[in-house]
Amino acid sequence: MKNILVGYDGSLTAQRAFLFALELARCSGGHVRVVSVLQITDGGADTAALMMADVGAQRLGDLMAELKQLAPDADKLIDLEMIPGNPGDVLLRQVKQYAIDHIVIGHTERGALARWLLGSVSTDLFANTRIPVTVVP
């Protein structure tokens with residue numbers, strides 16, 4: 001496991017997923033790519049571009065500070081990016097673009113209606129990739 005992808009939203013389960021992925025990277029001499037997905041519900045690509053321009057650099061700095069608080073050596077083992085879009089689609093594109101060989105995500109407890117309306121990132125990943133996916137509770 002040299003190229004590990006973590007979907008990160010700042011939640012407690014995402015933090016645990018990040019720490020799990022970081023430990024895998026330390027053990028295998030690998031690297032962790034942390035992706036925070038900015039979900040856009042209205043306005044499409046133009047709205048996403050404006051939001052990224054307004055908050056992108058500041059949010060990335062805040063995220064890196066948060067990750068370094070969880071693991072002081074994080075900046076040596078990760079790259080971090082914030083990308084607009086649907087979380088499942090974004091993570092699947094990352095797998096191809098960065099030759100990812102393992103995905104780690106946190107488990108989000110949602111009701112059946114929310115899963116039906118919004119979908120499930122883990123379901124998308126399980127259905128559309130051939131690499132290991134670890135879901136951290």
**Message:** Using side chain to side chain contact (heavy atoms under 4.5 Å, CB included), reason through His102 and Asn3 one step at a time and then give a plain yes or no.
**Reply:** CA-CA 7 Å; His102 193 118; Asn3 297 309; over 6 Å; no
**Prompt:** Between Asp73 and Lys68, is there a side-chain N and carboxylate O pair less than 4.0 Å apart?
**Reply:** no
**Candidate pair Val6 and Ile105, rule side chain to side chain contact (heavy atoms under 4.5 Å, CB included), full reasoning** = CA-CA 6 Å; Val6 175; Ile105 57 172; over 6 Å; no
If you round to the nearest 0.5 Å, how far is [atom2] of [Y] from [atom1] of [X]?
X     : Y     : atom1 : atom2 : value
Leu92 : Asn86 : CG    : CG    : 9.0 Å
Leu24 : Leu19 : CG    : CG    : 11.5 Å
Asp62 : Met82 : CG    : CE    : 9.5 Å
Gln15 : Asp9  : CD    : CG    : 9.0 Å

Minimal non-hydrogen separation, [X] against [Y], with atom names:
X      : Y     : value
Ala71  : Leu22 : CB-CD2, 3.2 Å
His31  : Ala25 : N-CB, 4.0 Å
Ile100 : Arg33 : CD1-CB, 4.5 Å
Ala14  : Gly7  : CB-O, 4.3 Å

**Request:** May I have the step-by-step check of side chain to side chain contact (heavy atoms under 4.5 Å, CB included) for Val136 and Thr13, ending in yes or no?
**Result:** CA-CA 7 Å; Val136 177; Thr13 58; over 6 Å; no
**Prompt:** What salt bridge (charged side-chain N to carboxylate O under 4.0 Å, His left out) pairs are there with at least one residue in residues 93-104, not counting sequence neighbours?
**Reply:** none
Side-chain touch [X]/[Y], heavy atoms, less than 4.5 angstrom:
X     : Y      : value
Val35 : Leu5   : yes
Val95 : Ile131 : yes
Glu66 : Phe18  : no
Val34 : Leu67  : yes

**Request:** Quick one: do Met64 and Asp75 satisfy side chain to side chain contact (heavy atoms under 4.5 Å, CB included)? Show the steps, please.
**Result:** CA-CA 8 Å; Met64 183 56 85; Asp75 57 336; 4.3 Å; yes
**Request:** Look only at the side chain of Ser36 and the backbone of Tyr8, and say whether a donor-acceptor pair between them is shorter than 3.5 Å.
**Result:**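 Yes.
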**Prompt:** Does any N or O in the side chain of Arg16 come within less than 3.5 Å of the main-chain N or O of Pro137, such that one atom is a donor and the other an acceptor?
**Reply:** yes
